[in-house]
Amino acid sequence: MENQTELYMLVLSGLSDLPSLQLPLFLVFLLVYLMTLTGNLLIVFLICTDSHLQTPMYFFLGTLACLDMGYSSVTTPRMLFDFHIQKKLITIQACITQIYFIVFFVVSELSLLAVMSYDRYVAICRPLHYTQIMHWKACVLLVLGVLMVSVLYPLVHVLLLLRLTFCRLTPLQSFFCDLPQLLLVSCSDTFINVLLILIYTIFPGGGIFSLTFCPYIIILNTIMKMSKAMRSKAFSTCSSHLTVVFIFYGTSLFSYFHPNAKDHSALDKVASVFYTVLTPLVNPLIYSLRNKIIKISLKRAVRRLIQI
């Protein structure tokens, strides 16, 4: 058998290896990151300070904004740092740590989007019982449940990754540590790791997917029976959430499941940028631009600042 030297450092390919693009890309993504933090912090600030927004729906929206800031902070600062160095090296331990937090935030966001679907189902289909079902204790318990599941979910992946040895010098074709790509540079048997990804995708992942989209079948059926005015109001409360759901699922599924996913083309990197960097920026814009109550709250906050 050929001798294999165990590696302790990995190489990230990054977004581009052209020196002339490093500074422009750094400035663009620095601006995107700052806008992401500002937009999501603004959503959290409005929800915390405006009594009109202290309802279950906005409590979940504020939680989503916090998750978006964390999700963006796992990948973007490292990407910004790599724009300034020629060889983008990362230790195995740092890579596995980044994978843990990426999976944590992805599972958290997907689970929270499912909870938000249930909240819209109760609000539209069972409005008379909404305050009894979606009381504050229930909302807090739902969020705590989401976070507990999200903490445990990636832990199994990490424990299995720690058992692997890495000996291939092939760069990871991304600007962050991606679990499937990390398995490709391992010289150990990764059958259990791949099987676990498959099982987790089909069962817990399929369950979260069903809990996110199935309520909308009942919601749409209920909305179609409403008057025109009520129908318009109901659609407006669901449209922002559905837009965020389709963007997150659409870019993630394209990145991992399109026919040429193994080629790691430039299109794959664009999709990765969208769901790891741009989605956390887009979410607060969608909720603020399509939500009259958020816009009214923002105007009130601006007036208060002017009066100070």
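Side chains are part of it too, since the values below use all heavy atoms of this structure and drop only hydrogens, waters and symmetry mates.
- Residues passing the salt bridge (charged side-chain N to carboxylate O under 4.0 Å, His left out) test with Arg126: none are found, sequence neighbours excluded.
- The aromatic ring centroids of Tyr153 and Phe104 lie 6.0 Å or more from each other.
- Paired with Asn193 under the rule side-chain contact (heavy atoms from CB on, under 4.5 Å), one option of Leu160, Leu198, Leu182 passes, and it is Leu160.
- Within a 6.0 Å sphere centred on CZ of Phe101, other residues, nucleotides and ligands contribute 12 heavy atoms or fewer.
- What you find for Gln54 and Trp136 is that their closest heavy atoms are O-CZ2, 3.2 Å.
- Between Pro284 and the choices Leu41, Val244, Ile43, the side-chain contact (heavy atoms from CB on, under 4.5 Å) rule is met once, by Ile43.
- Between the Lys88 side chain and the Phe83 main chain, no donor and acceptor come within less than 3.5 Å of each other.
- Tyr118 and Val115 end up in the same hydrophobic cluster when Ile, Leu, Val, Met, Phe, Trp and Tyr side chains are linked at under 4.5 Å.
- A search for side chain to side chain contact (heavy atoms under 4.5 Å, CB included) contacts involving Lys137 returns His135, Leu141, not counting sequence neighbours.
- Across all non-hydrogen atoms, the minimal contact from Leu64 to Asn283 is CD2-ND2, 4.4 Å.
- Considering Phe248, Tyr249, Tyr216, Phe203 as possible partners of Phe209, the one that fulfils the ring pair (Phe, Tyr, Trp, His ring centres under 6.0 Å) test is Tyr249.
- Met134 has its side chain out of reach of Thr55: every pair of non-hydrogen atoms, C-beta onward, lies at least 4.5 Å apart.
- Side-chain contact between Ile217 and Asn221 is absent, with no heavy-atom pair separated by less than 4.5 Å.
- The side-chain contact (heavy atoms from CB on, under 4.5 Å) test with Val277 is passed by exactly one of Phe176, Phe175, Tyr71: Phe175.
- Met57 contributes atom CE, which lies 9.0 Å from atom CD1 of Ile47 (distance to the nearest 0.5 angstrom).
- For Thr36 and Ser72, the side-chain atoms include no donor-acceptor pair closer than 3.5 Å.
- Side-chain contact between Phe59 and Val143 is present, with at least one heavy-atom pair separated by less than 4.5 Å.
- Checked against the 6.0 Å centroid threshold, Tyr33 and Phe29 do not count as a close aromatic pair.
- Put simply, the side chain of Thr251 does not reach to within 4.5 Å of the side chain of Thr276, judged on heavy atoms.
- Summarising the geometry of Leu42 relative to Leu298, their closest heavy-atom pair is CD2-CD1, 3.9 Å, with the distance given to 0.1 Å.
- The shortest non-hydrogen separation linking Ser239 to Thr243 is O-OG1, 2.7 Å.
- Side-chain N or O atoms of Asp189 include one that pairs as donor or acceptor with a backbone N or O of Phe191 at under 3.5 Å.
- Looking at heavy atoms from C-beta onward, Ile247 lies out of side-chain contact with Tyr275 at the 4.5 angstrom threshold.
- Taken from CD in Gln181 to CD1 in Ile99, the straight-line distance is 9.5 Å, to the nearest 0.5 Å.
- Between the side chain of Ser16 and the backbone N or O of Leu21, no donor-acceptor pair lies under 3.5 Å.
- Residues Val140 and Leu144 have side chains in contact (heavy-atom distance under 4.5 Å, counting atoms from C-beta outward).
- Within the 4.5 Å cutoff, the side chain of Leu164 has heavy atoms near those of the Leu183 side chain.
- Residues Val156 and Tyr200 have side chains in contact (heavy-atom distance under 4.5 Å, counting atoms from C-beta outward).
- Grouping Ile, Leu, Val, Met, Phe, Trp and Tyr residues whose side-chain heavy atoms lie under 4.5 Å apart, directly or via other members, places Phe81 in a hydrophobic cluster with Ile85.
- No close placement of the Phe60 and His241 rings is indicated, their centers lying 6.0 Å or farther apart.
- Among all heavy-atom pairs drawn from Ser117 and Thr212, the shortest one is OG-O, 2.8 Å.
- Both Leu195 and Leu179 belong to a common hydrophobic cluster when Ile, Leu, Val, Met, Phe, Trp and Tyr are linked at side-chain heavy-atom distances under 4.5 angstrom.
- Taking CG of Leu285 as the reference point, atom OG of Ser240 lies at 11.5 Å (rounded to 0.5 Å).
- One distance of note links CG of Leu10 with SG of Cys95; it measures 5.5 Å at 0.5 Å rounding.
- The minimum heavy-atom distance between Cys66 and Val44, with the atom names listed, is SG-CG2, 3.9 Å.
- The hydrophobic clustering, which links ILVMFWY residues whose side-chain heavy atoms are closer than 4.5 Å, places Val32 and Met35 together.
- In this structure, the side chain of Asn40 engages the main chain of Pro280 through a donor-acceptor pair within 3.5 Å.
- Note that CD of Gln22 and CG of Asp82 are 9.5 Å apart. Values are rounded to the nearest 0.5 Å.
- A salt bridge (Lys or Arg N to Asp or Glu O under 4.0 Å) check over residues 35-56, counting only residues at least two apart or in different chains, returns the pairs Asp50-Arg300.
- Looking at Thr190, its side chain never comes within 3.5 Å of a backbone N or O of Ser186 through a donor-acceptor pair.
- Note: Leu15 CG to Ser272 OG = 9.0 Å, rounded to the nearest 0.5 Å.
- Applying the side chain to side chain donor-acceptor pair (under 3.5 Å) test to every pair with at least one member in residues 98-114, sequence neighbours left out, gives these pairs: Ser108-Ser150.
- For Arg120, there are no salt bridge (charged side-chain N to carboxylate O under 4.0 Å, His left out) partners, not counting sequence neighbours.
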